[in-house]
Amino acid sequence: MIQQPRLATDELLNRLEATEQKFRENILAQTLLDTLEPEEQKFLARLSVFHLPVMEDIVRAISTAGELAILGKLTSLSLVESATTHANQPANYRVTTILEPLLEPVLSQEEWQATRQQAVRKIHQVWYKESNQTTKTDDPDYFLPRLNQRGR
C-alpha cells in the first residue's frame with residue numbers, strides 16, 4: 001500500500017505516529033484517573049471547568065477543605081498543571097486538556113452546572129470586585145448562560 005503512486009507516504013506515516021502518540025496519552029491518562037478515589041476524580045472534574053490557569057483562591061471556591069490537600073497529589077501526577085509567572089507569585093492551576101473528555105462522565109449535568117456557577121461567581125468576585133471595575137457585565141449572572149451553553 002505504501003508503494004502506491006500518489007500516496008504521500010511521509011504524511012501518512014506522520015499521521016499514524018501522531019495517532020499512536022495520542023492513543024498512548026489517552027491510555028496513560030485513563031490509567032492515572034483509574035488510580036484516583038472517586039472524590040479525587042470529582043474534584044479534578046470540577047477543576048476542569050477552568051480552561052485557563054486560575055489562582056488557588058478561585059480553586060477554593062469549588063472545593064472543600066479536604067480537597068485542597070488533593071491538589072498536591074494531582075499536581076505531582078501531572079493531572080493538574082501548576083505554574084507561576086514570577087518567583088514570588090502564588091501558583092496558578094489548570095487541569096491538563098487531555099483529561100477533559102475522560103472527566104465528562106464523572107459529574108452529573110447538575111453537578112457540572114453548579115460547579116460552573118460557583119466558578120463564575122468567584123471569578124467575577126476576583127476580577128471585578130477586587131479591582132473596583134464596573135462594566136455592563138458587572139453581574140455574574142451575565143456569564144452563566146454563556147458558560148452553561150458549553151454543556152458537557
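Every residue two or more places apart in sequence or in another chain that forms a side-chain contact (heavy atoms from CB on, under 4.5 Å) with A91 is listed here: S82, T84, Y93. When the side-chain contact (heavy atoms from CB on, under 4.5 Å) test is applied to I123, the partners found at least two apart in sequence or on another chain are F50, I58, W127. Scored by the side chain to side chain donor-acceptor pair (under 3.5 Å) test, E37 finds no partners at all (sequence neighbours excluded). Remark: E40 pairs with K73 by the side chain to side chain donor-acceptor pair (under 3.5 Å) rule, at least two apart or across chains. By the side chain to side chain donor-acceptor pair (under 3.5 Å) test, T97 pairs with no residue at all, sequence neighbours left out. E56 pairs by the salt bridge (charged side-chain N to carboxylate O under 4.0 Å, His left out) definition with R60, not counting sequence neighbours. Residues passing the side chain to side chain donor-acceptor pair (under 3.5 Å) test with E39: none are found, sequence neighbours excluded. In terms of the side-chain contact (heavy atoms from CB on, under 4.5 Å) criterion, residue partners of T64 (sequence neighbours excluded) are, by chain and number, E67. Residues meeting the side-chain contact (heavy atoms from CB on, under 4.5 Å) test with V95, sequence neighbours left out: L44, L47, S48, V80, L99, L103.
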Residues 26-33 side chain polar contacts: donor-acceptor under 3.5 Å, at least two apart:
from, atom 1, to, atom 2, distance (Å)
Q30, NE2, D34, OD1, 2.8
T31, OG1, I27, O, 2.7

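Nearest heavy-atom pair, S78 versus T96, reported as atom, atom and distance to 0.1 Å: O-OG1, 3.1 Å. For E111 against V106, the heavy-atom pair with the smallest separation is OE1-O, 4.3 Å.
Counting heavy atoms from C-beta outward, F43 and V59 have side chains that approach closer than 4.5 Å.
Separating the NZ atom in K42 from the CD1 atom in I70 is a distance of 12.5 Å, to the nearest 0.5 Å. Q109 CD to E104 CD: the interatomic distance, rounded to the nearest 0.5 Å, is 9.0 Å. Here the CG atom belonging to L36 is positioned 6.0 Å from the CG atom belonging to L74, to the nearest 0.5 angstrom.
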Apply side chain to side chain contact (heavy atoms under 4.5 Å, CB included) to the pair K122 and I62, showing each step before the final yes or no.
CA-CA 9 Å; K122 184 60 178 180; I62 61 159; over 6 Å; no
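Pairs of residues two or more places apart, or lying in two chains, that qualify as salt bridge (Lys or Arg N to Asp or Glu O under 4.0 Å) and include a residue from residues 75-90 are E81-R94.
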